[in-house]
Amino acid sequence: MESRYKTYQYVEQLPQFVGNEVELRGWVQNKTEKGKLVFIILRDGTGITQCVIFKNNVTEEIFSNAKSLTQESSIYIKGTVRAEERAPGGFEIDVTELNVYNIAKFYPITPKEHGDAFLMEVRHLWLRSSRQHAIMRIRSSVIKAIKDFFDGNGFKQMDSPILTPSACEGTSTLFETKYFDIGSAYLSQSGQLYAEATAMALGRVYTFGPAFRAELSKTRKHLTEFWMVEPEMAFFDLNDDMDLAEDLVEYIVQYVLKNNLKELSVLERDISKLENIKRPFYRLSYDEAVDWLQKNKIPLKKKINGQDVDIVPFPWGEDFGSPQEEALMEQFDKPCIIHRYPSDVKAFYMKRDPNNSKVVLAMDMLAPEKGGEIIGGSQREDDENLLLERIRKENLPEDDYQWYLDLRRFGSVPHSGFGLGVERTVKWITGASHIREVIPFPRMIYRIYP
RNA sequence: UCCUGAGUAGCUCAGCUGGUUAGAGCAUCUGACUGUUAAUCAGAGGGUCGGGGGUUCAAGUCCCUCCUCAGGAGCCA
């Protein structure tokens, strides 16, 4: 689509301008001087290119302006594009004109190494660095892929409320805020329940928005504010749900491979590992997973009276923690879905397995290479009485769930859905070591600045 | 919240068993150089050693306390 708005020439278009004059606008990533030469690495958001200012080719004023440039100063340049092997990226601009928008003073992020704590303090500037730039472009691709996938498969997007009257799942700690005279409102931890209602109106829907958890998690895979896409499908059973989850993840990874090879290379990501992400993925029932843990003597780590205790063999009925998930995933080179968990460790809205009342029709997708849990989903309980029973058992406020029970009173149907964590997925695909790197401005316990 | 670890220049770090005026590289500023890629070379400026208290003739160093940050656990996307 041709833009109606003002367009400029960009670094990413340089190959088509070799031998011609271009005008570029951007920031000075680095500058070195060598007598009558000034080299500038110009960054314009689409890429970087080297610009050379040779004293004899420009006016005295331009040359002295070039010498006075500092890291991250913003400039306009005009010059001729030339293929140049010695330059990063293979192209170089012979500069004839230079205008300065702003001379940056004392940019704090130097080309040397920095610690994480410092970089988080200057997150608003850190985003300009090549690694963060690459991650943000991949994040944008992942979101585009998600929307394309659902839009192309007959889904309608619906938006769930962010302010909610009570907990969706009843378990997590929520952010609370005053809501006029009505009392308290809570920031949503999931749009799922509302997506279920909308699926009964539109058939197949997805909700895509932020989720908030006030838990005191302090790990490299948790944020207090994160983005989640949650499809919900009427007339889908657990198997349909798992098929859809696999298709989605395959589509996202292949989309990124098709569109972001340059970024993946900046991140030094092993492409072959991503190329391998094609259906079918692996699937294990919880029972099979527990068998494997027991055979391989993977313990359950528990705290009993303040003492760390390893329980072997792993007892049936306990939920998996990071140590179990990581051990299980070491054998796989593709994502693995674990399904049919004990009902006691899963949320109240999950449907009981008709073949085994001890388990629910739940599924989690774990990513390889320590990607961890990227998807959690289930077939939903569609029987009014069984659902009410679970709500009472978990001591949830029954009144708040009357509308949700209505969905089971007026034309209840089998339906399923899942939630995919955008940051967890981007972290896995990019190979980032910490989730805070894959969202522009991470919100974590102990950090809300900048 | 619990466990572990760390705070020394703008940044990354060194600083021994407590002992003279607190050290380096990068960044900043000045100068030199026509091919730099984290350029190099010469010079300059830059410090409440996280805060407070204590021990001592003497504390960046030892003790107490508070603060901040990082990693892990549980919870989960």
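- Within 4.0 Å of A:Phe118, counting heavy atoms only, lie sugar-phosphate atoms of the nucleic acid but no base atom.
- For A:Ser322, taking side-chain heavy atoms from C-beta onward, the closest of the listed nucleotides B:G74, B:U36, B:G71 is B:G74.
- Out of B:G71, B:G35, B:A77, the shortest distance to the side chain of A:Arg436 is found at B:G71.
- Here B:G71 is the nucleotide among B:G71, B:A77, B:U36 with the atom lying nearest to any side-chain atom of A:Lys218.
- When rounded to the nearest whole Å, the span between CG of A:Leu125 and P of B:C11 equals 13 Å.
- Sequence neighbours left out, the pairs with a member in residues 421-435 of chain A that pass salt bridge (Lys or Arg N to Asp or Glu O under 4.0 Å) are A:Arg139-A:Glu423.
- A sub-4.0 Å separation between OP1 or OP2 of B:U36 and a side-chain N or O of A:Arg86 is absent.
- Side chain A:Gln50 to base B:U36: a donor-acceptor pair is found below 3.5 Å.
- Across all strands shown, A:Leu37 has heavy atoms under 4.0 Å from base atoms, whether or not it also approaches the sugar-phosphate.
- Between the CG atom of A:Asp364 and the P atom of B:A77 there is a distance of 7 Å, given to the nearest Å.
- With hydrogens and angles left out, the side chain of A:Glu92 and the base of B:G35 share a donor-acceptor pair within 3.5 Å.
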Per-nucleotide pairing state of RNA chain B [Watson-Crick or G-U, under 3.5 Å; [ ] pseudoknot-crossing; | other strand]: (((((((..((((.....[...)))).(((((.......))))).....(((((..]....))))))))))))....

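- Nearest nucleotide to the A:His114 side chain, out of B:A70, B:G35, B:C11: B:C11.
- Among the heavy atoms of the strands lying under 4.0 Å from A:Lys221 is at least one base atom, whether or not backbone atoms are also near.
- Comparing B:C69, B:G35, B:C76 by their nearest atom to the side chain of A:Tyr446 picks out B:C69.
- The A:Pro111 side chain lies nearest to B:A27 when the options are B:C76, B:G71, B:A27.
- Across B:G35, B:C76, B:G10, the shortest atom-to-atom separation from the side chain of A:Glu373 is found for B:C76.
- The side chain of A:Lys34 contributes no N or O atom lying less than 4.0 Å from OP1 or OP2 of B:C33.
- Closest approach to the A:Thr219 side chain among B:A27, B:U36, B:A73 is made by B:A73 (side chain taken as heavy atoms from C-beta onward).
- Side-chain proximity of A:Leu216 to the nucleotides B:G74, B:C76, B:C29 is greatest for B:G74.
- No contact: A:Gln71 has no heavy atom under 4.0 Å from any strand.
- Of the candidates B:C29, B:C26, B:G74, the closest approach to any side-chain atom of A:Thr110 belongs to B:C26.
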Mind listing the N/O atom pairs, protein and nucleotides 44-49 of chain B, below 3.5 Å?
none

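- Atom CD1 in A:Ile109 sits roughly 14 Å away from atom C1' in B:C26 (whole-Å rounding).
- For A:Phe149 and A:Tyr206, the ring centers sit 6.0 Å or farther from each other.
- For the pair A:Ile429 CD1 and B:A77 C1', the interatomic distance rounds to 14 Å; values are reported in whole Å.
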